Amino acid sequence: MGSSPNNNKKYPSLGKLNLPEIEKEILSFWKEQKIFEKSIENRQNAEPWVFFEGPPSANGMPGIHHVMSRTIKDIFGRYMTLNGKLVERKGGWDTHGLPVELQVEKKLGITKEDIGTKISIEEYNNACREDVLKYKDVWDELTERIGFWLDLDKPYITYTNEYIETIWYLLKQLFEKGYLYKGYTIQPYSPAAGTGLSSHELNQPGCYRDVKDTSVIAQFLLTENQQKIKLFGDKKVFALAWTTTPWTLPSNTALTIGGKINYALVKTVNPYVNEKINVLIAEDLLPKYFELVDKLSSEKTKKLQGIVLQKIKGIELIGLQYQQLMPFATPYETPENAFQIISGDFVTTSDGTGIVHTAPTFGADDARVAKLAGVPPMLVKNQQDELIPLVDKKGKFIEGLGFLSNKYVKNEFYTQTPPEKSVDVEIAIYLKEKGLAFKVEKYVHSYPHCWRTDKPVLYYPLESWFVKTTAVKQKLIANNQKINWKPKTTGEGRFGHWLQNLVDWNLSRSRYWGTPLPIWRTEDGKQSKCIGSISELSKEIDKSIEAGFMVKNPCTNANFDLHRPFIDHITLASEDGLRMHREPDLIDVWFDSGAMPYAQWHYPFDNKEKIQKNIAFPADFIAEGVDQTRGWFFTLHAISTLLFDQVAFKNVIANGLVLDKNGNKMSKRLGNAVDPFQTIEKYGADAVRWYMVNNSPPWDNLKFDLKGVEETLRKLFGTLHNTYSFFELYANIDGFDHSAKHISKKNRDTLDQWILSLLNTLIEEVMVHMENYDITNSTRAIQKFVIDDLSNWYIRLSRRKFWKGEFGDEKIAAFQTLHECLEKVCMLMSSFSPFYSDYLYMALTRNKNSVHLQNFPKCQLDIINKDLETKMALAQIYSSMVLGIRKKEKIKVRQPLAKIMIPVADKKTKELLLDVEGIIRAETNTKEVQVVDFQEAIFEQIAKPNFKKLGPKVGKNMKFVAQKIQEWEREDINKFNKEGKASVQLGDEEIEISSDDVEIVVKDIHGWKTESTGSHTVALDIHITENLRKEGDAREFVNKIQNLRKEIGLDVTDKIDIKFDTNESLALAINEFIDYISLEVLANSISQSFHKIESIELEVNGQSINVDIQKNK
RNA sequence: AGUCUCGUAGCUCAGUUGGUUAGAGCACUACACUGAUAAUGUAGGGGUCGGCGGUUCAAGUCCGCCCGAGACUACCA
């Protein structure tokens, strides 16, 4: 063994485990040595592995759930770097959007209405800009503290001109491809406030309120045509449809039925005009309205009498036409397609009639199904030649609608005293008089109200800009197939279904703080221009100056800001010299985040090749919460598919929520939110990180329990720390140096070979899991190895090797083995718990070479020995059972026993067992292990049917056959063992049972103490002979002396002299085993003193002994 | 309301293409070990596998319905 230059160095003693302290030490080491930067520089020429950081919004404090997603992201960045990839990790901030606006309004004590009056848009936006990165420092601190390696120095920020410029470029691409259009959509709208409301605003508490409205079931008279006559002959038929908003009836253009719902034609009487009529209604709802009879009579009944004339399937009704109920206006577009029955998926039979009054101008579902069926909305031309609905933006009916003209649709909208009868009531009366109302009643239902004015919200068609995502629906679906979703079901289910039911992306937001829509239009709306860059804007402004619309070009000013209000001041000139104004909308903030792959690099103005040559796009991996499925995941996917027909990300983990330990959502209000800083300060980031990914698969919700973090700290990190301390203690005593020449693996003993085999199996396992983006099973495998295999078995059984005997090859091999295991465990763990693994790695290697700059360990297949792993498993099983017997018999392990007997069925197992026989003996303190053929007569055997094998063979008769096999007697089993087959009589049939179909198991051994688990059985000879007793005494004596040594503070290596005085029997035992004892307790001499000695009294197996120990100088 | 996830011991989680004694850790109790020692080992109790129904010789596992928790989307005549 050659001496090494390092061999006078020592492995550092790490003291008590204090993870948070260690982490701070490592953090400053990383910072000083620029380890993160180096880990990227090292891979400069390597293949890139692309990661996108989904930008958080820094206007709120980070929570513990952010630790979750950031841990997942960090794990893969580090792992891929170790595997030789170049992983750039650019941070980013999401800075626009409603939450920012709301927070600023709260802070300033203003509402949206005050913008432009009490506060200018400029001041408002400045306030937003200041507020949005309020907690950036806190976020950066958390990012750093949890060890999330992310480039925080050059993050992308969505409000910068550069970022916005890329968005404009992308929007222009969409515009030119014809994917950007202006259209109507039905949105919640508050006429009282004169503004559209977002779903977010509508979900404010208290917005949905129970109100009592006049509801009407109206009668729609079917038009006579071929289809109608075919179905119903020449009978006059009314379709019944219910509404709680009668004011929408003049705007009705269709009736919607459910294709799968069954309907009935009922003969009955209109209760208001007492006229016999035939009505159409869902079959399920008949009992709700009718007393079904055979013949109408004048007798009084609780409900209306009705005769079912015929039943019709919903699908047959589609296409039927009807006469307009309130013919006050005609739809401008394709009026010939109006007033027909169409089908819709939303129709139910839980209320109403199963036929839904459909007014596409005032209902989102209505608009959707009408559009699908080609039915026009009720829009008419006004004097300005614009198409408008029958109700204006103040919530008032337009002119020319008879008695309805200029009346508010809801009485709440009147600023002065409202009329006695609301429009709804007036309409009900009108219909009653005409014999077109089947039922009118007050109805209580929940209806949304504006959170600012407290007045009802209308669903109203508003103009918006849309991205025509439906045009590429098939591509979106096809590209989604290429994405590896974790979990798979999120991709197929939630995301897949979402794509199947895709609607166009509503891009418009009527707000102030966000990316302005770069579209300028002439006043007549006939010409529009989409601007795709600042330079293009500047050129257009120059043209505008020429045309005399503008005086100065603000783009030349270095501080020019692309936000409102400045952008609104720009007027452009059309080709034929008309003024063009910017469309006042901002775009959906989700477009900001979906554009980050390009905008973070200011593509295509800079870094063109990063995108075009697929260097930084698409992402190999992203991870966010599952709540982003229809948010960021979708917008990334949509933009990349629309513009590049590519996926934006190849692999994605959609992680679940972090709940409190009781499974409730964390919230500041409830006070159950866990503070990430405090938690990390107490337990350490490594423990939190490990706990989070180890506890449950990331896509399940995590019930975050500090007890679990504590357990991780104690069990995993504590064990690892102890294992190292053990290594360090003895390695330093012997002057071991890991850099010295390695002893060939083949020349190491069984235990060493075994743990190395497991180590390499573990490496392989972790790699497979990680390739599969499965972090949970990776950590579980590592944890099992560290705790069960390395610490509980390898160290425990090898302990003696480390502190007994010479510093010879066997010992060196053991040190090398343990060192290698620890070193590679550090590498395996480093992605998950980057701090402690680095700390330990540097201690093990005795220098300052970070584990994060290493390569991931390779699995050495030739070291893996499955037979060895199997036999050690056998040793563990049998040892455990023997210890179980000792326990029951109350024989302590220190008392040697004579013999273990193990019955075995096959040769292979027998061979394997013989190889580990020594380990079993040592572990159980027995003199002999006898592995014997299980057919020996002393074994009592039973036959166990193998259901899996027998199942397909005997099928239905399984129960019977299994019963028969279990009833086999000794001779049946012997015969079966000999012949390898048997048969069972089943009626006339004889069923052949082969050796695979039955397992013969030893159940008991006569005259021995036995124990069995599964198919393993072991017997123990518990007879203690005189010799065994003596040896037991000797070992007990050693134990007592060792305790004494420790008690009196002797060093592990101190030599001693012993004098003792005791009874004859124990003295005999000690003298007989004097060599063994001397060796164990490092005694130079052990002598019996027949004179009373000054000593300590000990007790050995119930016998008193006086002992005097002197340290040998 | 729809879509998705989850429901197994007091707690946190495993449980292979369905195969007959449903596992592990924590906690609890008892014991053992005592040169890894503020560590460790062994044993024990603890389960109508959310409920009901179905398919099957056989269901924790497959199917249907329901209940509970959560998320997202939508908001209805």
Side-chain angles (χ1 to χ4, degrees), chain A residues 16 188 199 202 208 215 217 241-245 248 255-256 344-348 350-359 363-366 445-446 448 459 487 489-490 492-498 501 625-631 654 656-657 659 661 663-665 691 694-697 699-703 705 707-708 710-711 714-715 718-719 722-727 729-730 776-777 780 783-784 787 791-792 795-796 799 802-803 880 883-884 886-888 890 892-894 944-951 954-962 1013-1014 1039 1042-1043 1045-1046 1050 1052:
Chain A
K16 201 183 143 198
S199 60
L202 221 53
Y208 279 86
S215 76
I217 296 177
W242 181 56
T243 180
T244 53
T245 52
T248 61
L255 293 173
T256 307
D345 51 7
F346 60 88
V347 181
T348 65
S350 52
D351 310 284
T353 61
I355 302 172
V356 177
H357 147 62
T358 303
D365 276 338
D366 305 38
H445 64 151
S446 128
Y459 287 85
T489 44
T490 299
E492 283 170 359
R494 191 182 285 203
F495 196 67
H497 287 132
W498 163 256
N501 300 315
V626 68
D627 52 328
Q628 293 297 331
T629 307
R630 281 147 179 181
L657 300 176
L659 308 170
K661 63 179 176 182
N664 298 314
K665 214 180 155 180
Y691 165 72
N694 182 62
N695 186 66
S696 58
W699 41 87
D700 279 356
N701 290 344
L702 172 70
K703 288 183 193 161
D705 190 352
K707 273 192 200 145
E710 213 177 299
E711 187 184 322
R714 207 179 56 238
K715 288 223 72 138
T719 302
N722 276 333
T723 305
Y724 171 80
S725 301
F726 175 85
F727 165 82
L729 176 66
Y730 294 108
T776 304
N777 280 317
R780 284 178 181 172
Q783 184 160 317
K784 186 197 170 288
I787 297 174
S791 172
N792 283 357
I795 298 261
R796 203 157 52 79
R799 257 186 316 198
F802 289 97
W803 47 265
S880 155
L883 292 172
R886 289 185 89 104
K887 163 123 199 140
K888 270 185 209 148
K890 295 193 176 11
K892 51 176 67 175
V893 180
R894 230 181 275 119
K944 279 170 82 175
N946 182 339
F947 287 88
K948 206 168 178 174
K949 284 266 159 49
L950 279 168
V954 303
K956 266 193 199 346
N957 304 308
M958 190 73 223
K959 254 182 199 143
F960 178 80
V961 174
T1013 43
N1039 170 249
Q1042 299 288 35
N1043 285 348
R1045 282 184 60 118
K1046 210 170 150 190
L1050 291 183
V1052 179

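Keep in mind that this is a model prediction, so the values were computed, not measured. Naming convention: chains lettered A, B, ... in sequence-line order (proteins, then strands); numbering from 1 in each chain. What you see below is based on every heavy atom in this structure, not just the backbone, and it leaves out hydrogens, waters and symmetry mates.
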So what does A:Tyr730 touch, heavy atoms closer than 4.0 Å: a base, only the sugar-phosphate, or nothing? sugar-phosphate
Integer angstrom distance from the P of B:U3 to that of B:A74: 16 Å
Which nucleotide in B:U20, B:C13, B:G70 has an atom nearest any side-chain atom of A:Asn701: B:G70
Measure CZ/A:Arg714 against P/B:A39 and give the value in whole Å, please. 8 Å
Considering only side-chain heavy atoms of A:Ala364, which listed nucleotide, B:C75, B:G25, B:U12, is closest? B:C75
Any side-chain N or O of A:Tyr724 below 4.0 angstrom from OP1/OP2 of B:A36? no
State whether the distance check finds a donor on one side and an acceptor on the other, under 3.5 Å, for side chain A:Ser791 versus base B:A36. yes
Go through B:U42, B:C13, B:U20 for me and flag the one nearest to the A:Pro697 side chain. B:C13
Say we look at B:C4 and B:A39: how far apart would their P atoms be, to the nearest angstrom? 48 Å
Among the nucleotides B:U12, B:C75, B:G25, which one has an atom lying closest to any side-chain atom of A:Glu711? B:G25
Who pairs with B:G41 - Watson-Crick or G-U, where each distance is under 3.5 Å: B:C31
Considering every strand and a 4.0 Å limit on heavy-atom distances, what is the contact class for A:Asn722: base, sugar-phosphate, or nothing? base
A:Asn695 CG to B:A14 C1', in whole Å, measures 12 Å
What nucleotide, of B:G25, B:U12, B:G19, holds the atom closest to the side chain of A:Lys715? B:G25
With respect to the side chain of A:Ser880, which nucleotide from B:C76, B:U20, B:A43 is positioned closest? B:A43
Find out whether A:Pro448 and A:Tyr459 are in side-chain contact, i.e. whether some heavy atom of one side chain is under 4.5 Å from a heavy atom of the other. yes
Separation of B:C26 atom P from A:Gln783 atom CD, nearest Å, is 10 Å
Give A:Gln1042 one of three labels, base, sugar-phosphate or nothing, depending on what nucleic acid heavy atoms sit under 4.0 Å from its own. base
Out of B:A14, B:G41, B:A36, minimum distance to the side chain of A:Arg780 belongs to B:A14
Checking all strands, does A:Ser725 fall into the base, sugar-phosphate, or nothing category for heavy-atom contacts under 4.0 angstrom? nothing
Using the P atom as the reference point in each nucleotide, state the distance between B:A69 and B:A32 in Å, no decimals. 48 Å
Closest of B:A36, B:U73, B:G41 to the A:Trp498 side chain is B:U73
Considering the options A:Asp366, A:Asp365, A:Thr256, which one meets the side-chain hydrogen bond (donor to acceptor under 3.5 Å, both in side chains) requirement together with A:Thr358? A:Thr256
Contact class for A:Asp366 (heavy atom, under 4.0 Å): base, sugar-phosphate, or nothing? nothing
If I pick the C1' atom on B:G60 and the same atom on B:U42, what distance separates them, to the nearest angstrom? 29 Å
Side-chain atoms of A:Arg796 come closest, of B:A36, B:U5, B:G25, to B:A36
The Watson-Crick or G-U wobble partner of B:G10, with both key distances under 3.5 Å, is B:C26
A:Ser696 vs B:C13: side-chain N/O to OP1/OP2 distance below 4.0 Å: yes
What contact category does A:Leu883 fall into here, base, sugar-phosphate, or nothing, at under 4.0 angstrom with non-hydrogen atoms? nothing
Which of B:C26, B:C33, B:A36 is nearest the side chain of A:Lys892? It is B:C33
Separation between the P atoms of B:G19 and B:A59, rounded to whole Å: 11 Å
